[in-house]
Each structure stands twice: as C-alpha cells, then as structure tokens.
2 protein chains.
Amino acid sequence: MTNTTPARILLVEDEIQMRRFLRTALNARDFDVIEASNAREARLAVTGRPPDLILLDLGLPDGDGIDFTRELRSWSQLPVIVLSARGREDDKVMALDAGADDYLTKPFGLNELLARIRVALRHAARSHARDNPETILHIGPLQLDPVRREVRIDDQPVTLTPLEYRLLWYLAKNAGRVLTHQLILRHVWGPGTSQTHTLRVCMAQLRHKIESDPAHPRILMTEMGVGYRLRDD
Amino acid sequence: MTNTTPARILLVEDEIQMRRFLRTALNARDFDVIEASNAREARLAVTGRPPDLILLDLGLPDGDGIDFTRELRSWSQLPVIVLSARGREDDKVMALDAGADDYLTKPFGLNELLARIRVALRHAARSHARDNPETILHIGPLQLDPVRREVRIDDQPVTLTPLEYRLLWYLAKNAGRVLTHQLILRHVWGPGTSQTHTLRVCMAQLRHKIESDPAHPRILMTEMGVGYRLRDD
DNA sequence: GAGGGCTATCATGAATTCATCAGCAGGAAT
DNA sequence: ATTCCTGCTGATGAATTCATGATAGCCCTC
C-alpha cells in the first residue's frame, strides 16, 4: 500500500536562489526534484519521463506559466501547484481556471507548501488507483482478486472460507518462498497460536478446493519438516 | 459532459452574516446551497443526501472542524474547502493533513473562492466519473435511477425505505466487490456504528423486496464471515 | 523391513455467524 | 389520540466455520 519510490517533483523556476532553496527543502523531505528554468525546459521534462507533480513559477522568461498550464491540461492531468509573486485575485482565478490545482503567493511558508503538495499527491493517487486493475495476483493457474475477494483456478471461481482465504492470500503474497509453520500461524491465525495441526487441516481443505489431485499437490507444496510453499513457476 | 443539475454545496458556518453573504453569492452562481451552523447539523446533512462539496468554517461552536474533517475522511472523499479566520501556517497544515482539499484565510476574495470551488469540483468529477448521479445504473435485472430515486427489478418498480435505498445504492455503486460489514455500516449508517445486526435485518428486508426467492439470493450475496456483495455478472 | 517422526484425512462437536420473526420506540400524517 | 411507517433490538433456529481427536499414510534412518 505504501509507495516506496519517492515522488518526483518538477520545479519550474527561473530565480536561481529560490530554486536552490526549494530543491534542498524538497530533497530533505525525500522528494526527487527535477529542475527547469523556463517553459521550454519544462515542456521537455514533462514529455520525457513525467513527474508526479509540478511546482510552477508564473514569471517565466520565455512565456507565461498560464499558457504552459493550459497546454499541459490539454493532454495531461498532472497536478500543478503555482507559485507566484503576483498576489492579485485575478491572477489566481486565471491560473486556477487554466487548470492549476493550487496557487501560493510568495512569500509562502515551507510547511504550507509541503502540506499542499501532500494534498495534490493524495488526489493524484486517488484517481490513479481507480483505473488500476493491476491489483489482481496471477500465479500460474491461480488468480486472486482482493477487491472482489475472488479466487479462480484455471478461470473457475472457488469459494473459500475466511480462514482458507487468508491462508491462501498469505502464501500467494510470498509465492515461491518456503514459509515455516510458525510464520504461517503467526500471520494467519495471529500470535499466540502454536498448534500446527489446525494448519494442516486447513491446508488439506485448501488443497481439496484448488488442486486437481489433492493427494499429489502441484501448487500448494509441503516442505518436509519446515512448512509450506506456493509454487510460482 | 455538461452537468445539467447544479452542484450542491454544504455551507458549514456559524456566523449568520457570513452565511448569508456566501449563500446569496453561491446561489447567484447557480449552486444549490445547503446550510449547517454547527458540526452536528453538518454530520446530519452529509449522512442524508451528501452534497458535492463542503465549505467548512473551522470555528464551530460544538467541536473542531478539523475533527469533523478527519471523521468525514474515514468514509468519504467529499471535497472540503476550509474557510478560517486563523491564518497561522500550523492551522493550514493541520487542516490540510486532516483531509481538507484547500484552505482560505478570511478575508478572502469571492472570485478566488469560486475559482477554488471549480478546482475542487473538477477533481471530484475526475475521480467520480463513474458514480455521477445522473446516469441510471443497470446491473443485471436491477435498475437504479438516482434522479427519480426509483428502483426497478425486472422492470417492476419497488418501493424502498430511505435506509434500504441507501444500502442498495452503496452496494450497487460497488457492484461486484465484497464490502465488509464495517465498510457498509460506515457508509450507510455513518461512522460510529458497529452493530452488524441492524445491517442484517435491513439486508433481509431488501432481499424480500428484490429477490424472487429471498432464502436463496441471486443478487444480494452474503460473503460468510466478511460482508455482502451485489452480483454484477 | 521395522520403527519413529512428520504429514494427511476423516469425523465430531463447539463456536461463530446468519436469517428470520416479532416486538417496541419514535416520528409524521390523519 | 390514533394510525401507519420506519428503523432498532432481542430471541431463536439454521447454517457454516473451525478446532480437536483418532487413524492411516509417507519418508527417512537404521
């Protein structure tokens, strides 16, 4: 669930001092910072490997940042936070209506900027997660869909009890690895359980529902004297 | 593409003058405005028919607006724009991290507020493109028309109580997914409810009105030990 | 092959979870 | 006040799930 890779932020700013200030501040917060000093460089950076968010100064030497935003919005939903020395209300309305997601007037507090960055990334993550069906686990003939809580073997749905489901899910998340009895018991039954017998019984039932020949399992392998393993080749 | 029904905005503000000012301004821009003067009324309004956006004053008589936001975020993604007289940076960071989508310090310009409302609605439209309340949902033999608040099964209209309707609507919006008891309770009954029994009873009534054989449901499936699911295949 | 340790399977009963009926309180309409 | 509707709660029986005990099978060593 947690995104391990740091968010990449494109910083579009011509003043070199402000750029350095923001770069160090963002780097310290574990963001990847890419820099552009004008609209041309910003266009290049976005069409290359797009960042996760854009911090955009409006006063660019080679064109208005508003135009840049409008142009970007014609093909991308990348979050844009405008930083501007212009504090007039019309400027804000123009930028926001052009497609910017937020507008901060210089001078601004760093903590507020960081909080607004978090808001923008939150929004982006939400709309990303919607149309991302890649949450389904495919392991050999097995399919696990955690959203629908559905398990399929050779495309045939099988119904599992809560315990069976949790056991299979834990094995599937660690497909290929050998998991000791103790490890499985702790994760599926919770701490304080040390009765391997119940695990064996549950595993047997799981095999009956998943394996074509439960006596000679091809997916839920037992590792003698150690534990179990879900084959993933 | 154009939304014909005006956006509904919940205005949470205790000062009566500010409320009147905003109400008239928003009405003039063709928004539907619902009003609440404290957190309790706001909770009621949201759990009833949820608005499209919330304008939230932080200084409420009966509780902190931040807590309200956090509580709301535990079960809803409704856009929240905070209006506050407190302009300290920490206040902004707190509110934004609690789940607010924007923060304006009083006094603010009306045009800026309107622009930021447009931004928030834009975001919501993007991520809620699926469940916009305009379209009629067709799921198997079920038809749900949110505008007319009408439900049909095999083209036969059925009359539902408000609670039954909300339950069915929530299940239908997430057709195919398994929804845990807790999830359903939070979304339909509001946060703070943990009594699964009432949910079971309501579900039984719903089945009696929708299923041809309530004892062997074909649409409103129970997922043993987990929750319920509306079948969509 | 015999024996010991580990594993699989079946059966049974307890515990949990569900569905349904009925009763009751609160609110709106008559 | 009466009536009706809605929604909550308690009780009961049914269905499912799960742990445990008994028994048989498998694999390795001796």
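Proteins come first, then strands; the chains are lettered A, B, ... in the order of their sequence lines, and each starts at number 1.
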message = Does this structure show an ion pair linking A:Asp213 with A:Arg218, if we count only N-O contacts that are shorter than 4.0 Å?
response = no

Side-chain N,O ([X]) to OP1/OP2 ([N]) below 4.0 Å:
| X | N | value |
| --- | --- | --- |
| B:Trp189 | D:dC8 | yes |
| B:His181 | C:dC18 | yes |
| B:Arg200 | C:dT17 | no |
| B:Tyr165 | D:dG7 | no |

Given DNA chain C, 5'-ward residue of the pair A:His197 and B:Val226, judged by closest heavy atom = A:His197

message = Heavy-atom nearest nucleotide on DNA chain C for A:Glu223 versus B:Met203: which residue maps closer to 5'?
response = A:Glu223

Rounding to a whole Å, what distance do you find between [X]:[atom1] and [N]:[atom2]?
| X | N | atom1 | atom2 | value |
| --- | --- | --- | --- | --- |
| A:Gln195 | C:dC6 | CD | P | 14 Å |
| B:Glu211 | C:dA19 | CD | C1' | 13 Å |
| B:His216 | C:dC18 | NE2 | P | 17 Å |
| B:Met221 | D:dT16 | CE | P | 12 Å |
| B:Asp213 | C:dT20 | CG | P | 9 Å |
| A:Ile184 | C:dT7 | CD1 | C1' | 14 Å |
| B:Gln205 | D:dC5 | CD | C1' | 11 Å |
| B:Leu199 | D:dT6 | CG | C1' | 17 Å |

inquiry  = Tell me whether A:Arg149 forms a cation-pi arrangement with A:Tyr165, defined as NZ or CZ under 6.0 Å from the six-membered ring centre and within 45 degrees of its axis.
reply    = yes

Which nucleotide wins on minimum distance to the side chain of [X], given the candidates [options]?
| X | options | result |
| --- | --- | --- |
| B:Ala204 | C:dT17, C:dT20, D:dC27 | C:dT20 |
| A:Met224 | C:dC21, D:dC27, C:dC18 | D:dC27 |
| B:Thr198 | D:dC8, C:dC10, D:dC18 | D:dC8 |
| A:Leu163 | D:dT17, D:dG7, D:dA19 | D:dA19 |
| B:Thr161 | D:dG7, D:dT20, D:dC8 | D:dG7 |

query = So what does A:Thr222 touch, heavy atoms closer than 4.0 Å: a base, only the sugar-phosphate, or nothing?
reply = sugar-phosphate

inquiry  = Could you report the tightest heavy-atom contact between B:Val33 and B:Leu26, atom names first, then the distance?
reply    = CG2-CB, 3.6 Å

ask   = Any idea how B:Tyr170 and B:His187 line up, ring-wise: parallel (<30°), tilted (30 to 60°), or perpendicular (>60°)?
value = parallel

ask   = Within the distance-only criterion (no hydrogens, no angle test), does the side chain of A:Arg116 pair as donor or acceptor with the backbone N or O of A:Ile81 below 3.5 angstrom?
value = no

